[in-house]
Amino acid sequence: MIIYKAKNYSDMSRKAANIISAQIIMKPNCVLGLATGSSPMGTYQQLIDWYKKDDLDFAKVTTINLDEYKGLAPNNTQSYRYFMDTNLFNRINIDKNRTFVPDGLESDSEKACNDYDRIISCSGGIDLQLLGLGHNGHIGFNEPGTAFEKGTHCVDLTETTITANKRFFSSEKEVPRQAYTMGIKSIMQARKILVIVSGEDKAPILKEVLQGPITPSVPASILQLHNDVTIVADEAALSLV
Ligand code: F6R
């Protein structure tokens, strides 16, 4: 595991974007696993800036997102598809047909998850998976207690996650209670994993992830067993490590 200490959020974002752009330059038709949330926004902005300067070409890149709320349509402003379109895809030269997010409108969970697992395997596997870290140690929507062996599945979101995500909705009542998420097994099958973590509020969980026991109670602790993980975290997030 390689750990890069960044000065702050923007330094973290630039370092993470450098790693992603190196991946795209080395393999223009690579498959990127992507995340939503506050952590990757600066990284995506940096990638957009480099694309605008002609330094990056997304024409052959495929992307596979980690998760989507069950029940939200792609054009719902709180859906993860909408987040990805507005924060990245609409602003670079990616072929939208090669951008994948679980289908929030598929009410048959088994079908939605099997379809998504097929998309991942047909893509040839993820070259670089970008991850944010939840305050409870979740990755994707794999909440504490999730079996490490799972592929894409439907989850009931925990109260911690609902509370953390309510800032994006007009009220807590509107936060969906279920989501489709790539499983830990799918995440661990990525060839490389890049985790970005920022802020003092993430310091206690980052310490557990890096130095604590490997346990389903801290889903991200499994990353200790992956052979190519890079953590880019700012000083505040690394303050307890
Ligand atoms: C998002 C995702 C989540 C977030 C995590 C951290 O697609 O899968 O696991 O990465 O909740 O969220 P932020 O970055 O908002 O702190």
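None of these values were measured; they are calculated from a predicted model. Heavy-atom basis, side chains included; hydrogens, waters and symmetry copies ignored.
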| What's the verdict on side chain to side chain contact (heavy atoms under 4.5 Å, CB included) for Leu131 and Ile196, showing C-alpha distance, side-chain angles and the deciding distance? | CA-CA 6 Å; Leu131 296 175; Ile196 49 178; over 6 Å; no
| note | Value for NE2 (His135) from CG (Asp201), rounded to nearest 0.5 Å, stands at 3.5 Å
| Tyr82 atom OH: more than 12 heavy-atom contacts under 6.0 Å | no
| message | I need the Leu238 CG to Lys5 NZ distance, nearest 0.5 Å. | response | 6.0 Å
| request: Answer yes or no: is there a side-chain heavy-atom contact under 4.5 Å between Ile92 and Tyr44? | output: no
| message | Closer than 3.5 angstrom, by distance alone: can the side chain of Arg191 be matched with the main-chain N or O of Gln189 as a donor-acceptor pair? | response | no
| query | Does Lys202 use its side chain to pair, donor to acceptor, with the backbone of Leu133 at less than 3.5 Å? | reply | yes
| message | If you define the side chain from C-beta out and look only at heavy atoms, does anything of Ile64 sit under 4.5 Å from Met182? | response | yes
| said: I'd like to know if the side chain of Thr163 and the backbone of Glu159 have a donor-acceptor N/O pair within less than 3.5 Å. | reply: yes
Can you give the donor-acceptor pairs under 3.5 Å from side chains of residues 23-39 to other protein atoms, not counting sequence neighbours?
{"residue": "Lys27", "atom": "NZ", "partner": "Asp127", "partner atom": "OD1", "Å": "2.9"}
{"residue": "Lys27", "atom": "NZ", "partner": "Asp127", "partner atom": "OD2", "Å": "3.0"}
{"residue": "Ser38", "atom": "OG", "partner": "Arg167", "partner atom": "NH2", "Å": "2.7"}

| task | Could you pull out the closest heavy-atom pair between Asn136 and Pro219, with the gap in Å? | result | O-CD, 4.1 Å
| side-chain hydrogen bond (donor to acceptor under 3.5 Å, both in side chains) partners of residues 229-241, not counting sequence neighbours, each pair once | Ser198-Asp234
| query | Is the number of heavy atoms from other residues, nucleotides or ligands within 6.0 Å of CD (Glu172) greater than 12? | reply | yes
| message | Taking the side chain as everything from C-beta on, heavy atoms only, tell me whether Val61 gets closer than 4.5 Å to Arg98. | response | no
| Can you tell me if CD on Glu174 sees more than 12 non-hydrogen neighbours from other groups inside 6.0 Å? | yes
| field | Leu210 side, atom CG; Gln224 side, atom CD - distance, nearest 0.5 Å | value | 7.0 Å
| Can you check side chain to side chain contact (heavy atoms under 4.5 Å, CB included) on Ile231 and Met1, steps first, answer last? | CA-CA 7 Å; Ile231 311 268; Met1 184 180 285; 3.9 Å; yes
| message | Does anything in residues 55-70 form a side-chain hydrogen bond (donor to acceptor under 3.5 Å, both in side chains)? List the pairs, not counting sequence neighbours. | response | Asp57-Asn93, Tyr69-Tyr80, Tyr69-Asn165, Lys70-Ser109
| Cys113 to Cys154 - nearest heavy-atom pair and separation | SG-N, 3.8 Å
| note | Between Pro102 and Tyr180 the two heavy atoms that sit nearest each other are CB-CB, 3.9 Å
| request: Using a strict 4.0 Å threshold on nitrogen-to-oxygen distance, state whether Lys111 and Asp115 make a salt bridge. | output: yes
| task | May I ask you to decide if Gly183's main-chain N or O and Thr181's side chain share a donor-acceptor pair within less than 3.5 Å? | result | no
| message | Assess whether a salt bridge exists between Asp103 and Arg81, defined as any Lys/Arg side-chain N lying under 4.0 Å from an Asp/Glu carboxylate O. | response | no
| task | Dump the intermediate steps for salt bridge (charged side-chain N to carboxylate O under 4.0 Å, His left out) on Lys52 and Asp49, then the final yes or no. | result | CA-CA 5 Å; Lys52 284 188 181 150; Asp49 292 348; 5.0 Å; no
| task | Decide yes or no on side chain to side chain contact (heavy atoms under 4.5 Å, CB included) for Glu143 and Leu157, but give the supporting numbers first. | result | CA-CA 7 Å; Glu143 302 285 11; Leu157 304 184; 4.1 Å; yes
| Is there a donor-acceptor contact under 3.5 Å from the side chain of His153 to the main chain of Gly151? | yes
| Roughly how far, to the nearest 0.5 Å, is the CZ atom of Phe100 from the OG atom of Ser123? | 8.0 Å
| note | When rounded to the nearest 0.5 Å, the distance separating CG of Leu56 from CZ of Phe58 is 4.5 Å
| message | For Lys96, I'd like to know if atom NZ has over 12 heavy atoms of other residues, nucleotides or ligands within 6.0 Å. | response | yes
